[in-house]
Structures are given as C-alpha cells and as structure tokens.
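Before any comments, here is the structure.
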2 protein chains.
Amino acid sequence: MNIGQAARATGVSAKMIRWYEEQGLIPGAARTGAGYRVYGAADLDRLRFIRRARDLGFGVKQIGELLALWGDHARASGDVKRMALEHAAVLEARVAALQEMIGAIRHLAANCHGDARPDCPILDNLAKPETPR
Amino acid sequence: MNIGQAARATGVSAKMIRWYEEQGLIPGAARTGAGYRVYGAADLDRLRFIRRARDLGFGVKQIGELLALWGDHARASGDVKRMALEHAAVLEARVAALQEMIGAIRHLAANCHGDARPDCPILDNLAKPETPR
DNA sequence: GTGGTGCTTCCCATCCTGGCAAGGTCAATC
DNA sequence: GATTGACCTTGCCAGGATGGGAAGCACCAC
C-alpha cells in the first residue's frame with residue numbers, strides 16, 4: 001500500500017505521514033525498489049491511533065507517550081487516565097482564556113451603536129490610557 | 001525613551017516591539033545617533049493599543065485593521081463592531097472545538113478505572129478499527 | 001578605564017499543516 | 001514502445017506569536 005492509499009485509509013495526509021515518521025511517531029516505512037514507502041495493516045492501525053489522538057488535541061509528544069503506553073501491555077490504566085485528565089485540564093484552561101476574551105469583546109460591542117457614526121467605545125477602550133497589567 | 005523603557009511602560013516585550021515594527025504595525029521608531037530606537041508618548045499609546053487588542057485575541061492582521069480604523073476619524077463604528085463580533089465568533093468556534101475534545105476525553109476517562117490494571121478504554125477507543133471521518 | 005546593563009542584528013525553536021518545485025515511477029492507453 | 005497522467009520522492013518556504021541566545025557596540029556610574 002502506497003502512502004496516498006494509506007492517507008486515504010486513515011485520514012492522515014501523506015504529508016503528515018512523512019512528518020510523523022520524521023518525528024519518530026511511526027517507524028520508517030518499508031520501501032519498494034524505487035523508494036516508495038509501503039504500509040501494512042499494523043501501520044494503518046498506528047496512523048489511525050495517531051489521528052484520533054490528534055483529534056482530541058494531544059500534541060506530538062503526548063501522542064508519542066500514548067503510543068508507548070498502547071504498546072506496553074503491562075501499562076497501568078492509571079497512567080493513561082492521568083495523562084488524559086491533565087490534557088483535559090490544559091484544554092479547559094485554554095477555553096477559559098478564550099471565554100474571557102469573548103466576554104470582553106461582546107461587552108464592548110454591546111455598548112457600540114454600530115452605525116455610521118465614528119463614535120466607538122470599542123476603540124476607546126483599546127486606546128484608553130490606563131495600563132491594567 | 002529606550003525600547004526597554006517602552007516595553008516596561010506598555011507591557012509589550014522589547015522583542016515584540018521590534019517584531020511589530022517589522023510587521024508594519026508601528027512605524028519605524030526614531031533612532032539616536034548610535035542606532036538606539038527612541039519612543040515618544042504617541043508610540044506608547046499605539047503599543048498599549050496593540051497590547052490590549054492582542055489580549056483580546058486579535059491577530060496581527062486584524063490589529064492592523066483596528067489601528068487603521070482608530071486613526072481614521074471618519075470611520076463608521078459599525079465597521080469596528082462588525083470586526084469585533086466576527087472575531088468573537090471565531091473565538092467561539094475555537095471554544096466549541098475544544099469543548100468537544102474535552103467532552104470526549106472526560107467521557108473516556110470516566111470509563112477508565114485508572115488503577116494498576118492495564119485494561120484501558122481510553123487506549124481501546126484510540127485504537128478501535130472504525131474510522132469515523 | 002572598567003564593569004554592568006542595555007541596545008543592535010541575526011539565527012534558532014516552537015507546533016502542525018499546507019503548498020510548491022523538480023525530478024523519478026508506475027500503469028494504462030494509444 | 002511511447003506517451004500521458006497520476007503518483008511518489010526530497011527539500012524548501014510559510015504561517016503566528018513568542019522566547020532564547022550569541023556577537024558586538026553604546027551608555028552610565030564609579
């Protein structure tokens with residue numbers, strides 16, 4: 001199976017497959033005489049695993065750890081769970097930061113009449129002299 | 001005023017001040033004979049404006065637009081409001097994506113006993129053969 | 001004049017992804 | 001057998017915002 005077929009089969013672009021290989025997430029693929037990468041069922045499983053972890057927002061480093069745990073049949077499920085919950089907490093912190101921004105923006109916009117007049121509390125707030133930091 | 005003082009006065013690091021200059025968000029600063037950048041009150045105002053916009057999650061490109069509107073005394077407040085609301089919508093989409101991830105992770109973790117046994121629904125889910133995409 | 005601090009430019013790294021270019025390969029069609 | 005189009009290879013560039021560091025020069029206080 002060529003890289004393009006593997007890409008279609010797993011939902012990971014050919015580009016990213018090469019990159020994951022470079023990053024060490026997947027072993028260097030076997031090659032044909034002409035140098036084409038060749039993928040087997042186990043490779044596809046690994047790529048799908050990576051894609052799902054990526055869809056959950058895990059970074060490359062964490063995916064590497066998850067893969068190691070996946071391959072380690074003596075792993076403790078507590079290790080995996082801890083990783084997952086720590087990651088969820090990171091994502092939640094990101095959400096909180098975004099929501100603060102959203103709240104501030106919506107608050108400013110609510111006070112802006114938003115017509116053709118130049119008067120604009122949004123810009124006034126961005127330009128105000130105080131430096132709350 | 002030197003770049004370091006301007007940085008302390010505005011909360012924008014010297015590194016970023018140089019970068020904003022390179023990106024065209026601020027005009028090239030005046031220089032002393034020795035090549036040191038010199039900042040005045042108007043520059044500090046502009047840097048503070050940039051910092052606040054950045055704190056609201058606006059990107060460099062949008063900050064440029066906001067600065068243009070700020071300087072345009074004939075602007076329509078509707079233009080600013082539209083930008084702000086569009087940006088809030090983008091941030092909300094980002095939040096929604098993150099929350100989907102968080103929900104999925106927490107759901108998986110809730111079904112993982114998380115002790116020393118290797119049994120782990122989190123890994124099982126990442127490894128499952130279906131390819132929902 | 002000497003030391004410490006601050007400024008200058010330039011390069012590197014992050015994190016993941018896409019795009020493009022130049023060249024080789026494969027398979028199918030004429 | 002030759003052409004063609006799709007596919008593969010490597011490698012470089014880009015983004016968005018930020019920090020780190022190195023090498024060299026400037027400034028100020030003592």
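For clarity, every value in this text was computed on a predicted model and none was experimentally measured. So that the names make sense, note that chain A is the first sequence line, chain B the second, and so on, each numbered from 1.
Salt-bridge annotation for B:R48 and B:D45: present, with a side-chain N of the basic residue lying under 4.0 Å from a carboxylate O of the acidic one. The pair B:E86-B:K81 fails the salt-bridge criterion, with no side-chain N (NZ, NE, NH1 or NH2) lying under 4.0 Å from an Asp/Glu carboxylate O. Salt bridge annotation for A:R51-A:D55: present, with a cationic side-chain nitrogen under 4.0 angstrom from a carboxylate oxygen. Using a cutoff of 4.0 Å between basic side-chain nitrogens and carboxylate oxygens, A:D119 and A:R117 are not scored as salt-bridged. Look at A:D79 and A:R82 and you find a salt bridge, because one of the NZ, NE, NH1 or NH2 atoms lies within 4.0 Å of a carboxylate O, short of that distance.
In this structure, CD1 in B:I17 is found 5.0 Å from CD1 in B:I3, a value given to the nearest 0.5 Å.
In this structure, A:L98 and B:L98 have side chains that are in contact, with non-hydrogen atoms separated by less than 4.5 Å.
Distance CD1 (A:I3) to C1' (D:dA6): 15 Å, rounded to an integer number of Å. Separating the CZ atom of A:R18 from the P atom of C:dC16 is a distance of 19 Å, rounded to the nearest angstrom. The interatomic distance linking B:R37 (CZ) with C:dT8 (C1') rounds to 7 Å, in whole Å. We find that OH of A:Y39 is positioned 12 Å from C1' of D:dT9, with the value rounded to whole Å. Remark: C1' of C:dC15 and CG of A:L25 are 13 Å apart, rounded to the nearest angstrom. Per the geometry, CD belonging to A:Q23 stands 9 Å off P belonging to C:dT14, to the nearest Å. Atoms CD1 (B:I63) and C1' (D:dG16) sit 11 Å apart, rounded to a whole Å. In this structure, CG of B:D55 is placed 16 Å from C1' of D:dG16, rounded to the nearest angstrom.
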Once each nucleotide of nucleotides 18-30 of chain D is scored for protein heavy atoms under 4.0 Å, what B/S/- sequence comes out, 5' to 3'?
BSBB----BS---
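Heavy-atom minimum distance, A:M1 versus A:A9: CE-CB, 4.4 Å.
No donor-acceptor pair closer than 3.5 Å links the side chain of A:H113 to the backbone N or O of A:C120.
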Please tabulate, one pair per line, each protein N/O and nucleotide N/O from nucleotides 1-3 of chain C that are separated by under 3.5 Å, including the distance.
none

